[in-house]
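Position 1 is the first residue of the sequence, and the numbers go up from there.
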Amino acid sequence: MTPVSIPGDAFEQDLPHPDDRPAPEIEQPSPAELLIGLLDGTVSRLARRPVKIRTKVSPAGLLRGRVDVVVFELSGLKTTGLLVDRVVVHAEQVRVEPGLPPHFKAGPVGFKATVTQAAVDRWTKASKLPVRLQLTEDGILATTKVRGFQLAQVATELSVAGPLLQLRPRRASMLGLPTPLVGFLRGYLPLPPLPMGARLRRVESEEGELTTWFTVDDVDEPLSPLMANRLTRLLPGLPRFPR
């Protein structure tokens, strides 16, 4: 297997903002590819940002040949136009189990991402979007104004649509009066593709900041002996395997 299959242009291309059409077909990394890419530096090179790695290994974990906790952190991640303030990936019970072939395993695995109002404003301005997205305690509000006069406001919620995060309207008003949601567009946030099986677990919104939490399937990926030994060099406590 290749170390990671995140496309290089996933951090650079402009993503569309369609209405109810299916999410664009974008190659999604598996949870295993994401973790391996974070460990071996592939994600760092693609994102052009350093990845901080913290590990926790207990005596029991050493005896079992596993790392209890691995935490990866990226700050200032420049994606497809939207600057992500902070991304944290958390994996437990990381290990390489012997076999023919050996398997890379971990779980539970989750991650979170935080964006700020300043970054969202820069993105909407650069993209020349006709709305302002406001990060509030009530979630993300999409507001349209003309010469300072508010025409429409749509309260949205986040959902996972394939590899992307989608803004779905849940309440709308026109000229200050409630209006049906029919006809209001749904858009995709310009973020790197979510790993396969990613599930939105929680959204925490406050004035000027939004944090989303995700869980993914437990990792169970066959490895070549060469890749298995490469991972043991990157993480303390993992056993070596004969080639």
Side-chain angles (χ1 to χ4, degrees), residues 9-26 28 47 49 74-88 110-195 198-215:
D9 60 354
F11 294 88
E12 298 171 357
Q13 63 184 344
D14 290 329
L15 298 183
H17 302 275
D19 44 25
D20 290 328
R21 290 175 293 174
E25 291 187 5
I26 296 176
Q28 291 180 267
R49 299 298 299 167
L74 294 87
S75 298
L77 176 62
K78 294 181 180 179
T79 63
T80 53
L82 179 60
L83 179 68
V84 181
D85 186 64
R86 188 166 176 253
V87 176
V88 177
F111 63 97
K112 68 176 183 179
T114 300
V115 296
T116 65
Q117 185 67 62
V120 171
D121 288 342
R122 285 194 295 269
W123 166 59
T124 54
K125 183 178 180 180
S127 302
K128 298 181 180 179
L129 297 180
V131 298
R132 183 178 185 232
L133 299 178
Q134 298 172 265
L135 308 182
T136 73
E137 294 181 356
D138 191 39
I140 303 177
L141 298 181
T143 304
T144 302
K145 293 183 178 181
V146 175
R147 297 180 180 179
F149 183 75
Q150 182 174 303
L151 293 180
Q153 186 174 78
V154 182
T156 67
E157 62 185 6
L158 293 173
S159 64
V160 174
L164 303 173
L165 267 184
Q166 186 181 51
L167 288 171
R168 300 171 61 94
R170 59 182 176 84
R171 188 177 68 251
S173 63
M174 184 74 69
L175 300 176
L177 299 175
T179 187
L181 295 175
V182 177
F184 283 96
L185 297 181
R186 304 182 183 195
Y188 299 105
L189 292 180
L191 298 172
L194 298 172
R199 296 174 293 278
L200 183 61
R201 189 183 71 185
R202 181 160 61 100
V203 177
E204 186 175 290
S205 183
E206 59 186 59
E207 293 295 332
E209 188 172 283
L210 180 77
T211 301
T212 52
W213 279 263
F214 302 85
T215 56

Using the salt bridge (charged side-chain N to carboxylate O under 4.0 Å, His left out) criterion, which residues pair with [X]? Sequence neighbours excluded.
{"X": "R132", "result": "D121"}
{"X": "E209", "result": "none"}
{"X": "R199", "result": "D217"}

Any idea which heavy atoms bring [X] and [Y] closest together, and the distance?
{"X": "S75", "Y": "R49", "value": "O-NE, 2.9 Å"}
{"X": "F111", "Y": "L194", "value": "CZ-CD2, 4.0 Å"}
{"X": "V115", "Y": "L83", "value": "CG1-O, 4.2 Å"}
{"X": "A113", "Y": "V87", "value": "CB-CG2, 4.2 Å"}

Quiz item: Got a donor-acceptor contact below 3.5 angstrom from the Q166 side chain to the S159 backbone?
Solution: no

Self-check item: Partners passing side chain to side chain donor-acceptor pair (under 3.5 Å) against T211 (at least two apart in sequence or in another chain)
Solution: T114

Practice problem: Using side chain to side chain donor-acceptor pair (under 3.5 Å) as the criterion, list what pairs up with R202, not counting sequence neighbours. | Solution: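 R202 satisfies side chain to side chain donor-acceptor pair (under 3.5 Å) with E204 once adjacent residues are dropped.
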
Exercise. Kindly compute the distance separating OG1 (T212) from CG (L200), expressed to the nearest 0.5 Å.
Key: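 One gets 6.5 Å once the value is rounded to the nearest 0.5 Å.
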
Exercise. Would you give the length of the straight line joining atom CZ of R122 to atom OG1 of T116, rounded to the nearest 0.5 angstrom?
Key: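 Answer rounded to 0.5 Å: 6.0 Å.
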
Exercise. Measure the shortest side-chain to side-chain distance between R201 and K112 over non-hydrogen atoms and say whether it is less than 4.5 angstrom.
Key: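 R201 vs K112: side chains apart.
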
Exercise. Check whether any side-chain heavy atom of L210 lies under 4.5 Å from a side-chain heavy atom of V120, and answer yes or no.
Key: no

Quiz prompt | Steps toward side chain to side chain contact (heavy atoms under 4.5 Å, CB included) verdict (L165, F214) | solution = CA-CA 11 Å; L165 267 184; F214 302 85; 3.8 Å; yes

Practice problem: Check the pair L133 / L167 against side chain to side chain contact (heavy atoms under 4.5 Å, CB included), numbers first and verdict last. | Solution: CA-CA 11 Å; L133 299 178; L167 288 171; 4.2 Å; yes

Quiz item: Under the side chain to side chain contact (heavy atoms under 4.5 Å, CB included) criterion, do T124 and V131 qualify, and how do the steps go?
Solution: CA-CA 8 Å; T124 54; V131 298; 5.7 Å; no

Self-check item: For T136, all residues meeting side-chain contact (heavy atoms from CB on, under 4.5 Å), sequence neighbours excluded
Solution: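 For T136, the residues satisfying side-chain contact (heavy atoms from CB on, under 4.5 Å) (neighbours in sequence not counted) are Q134, D138, L141, E207.
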
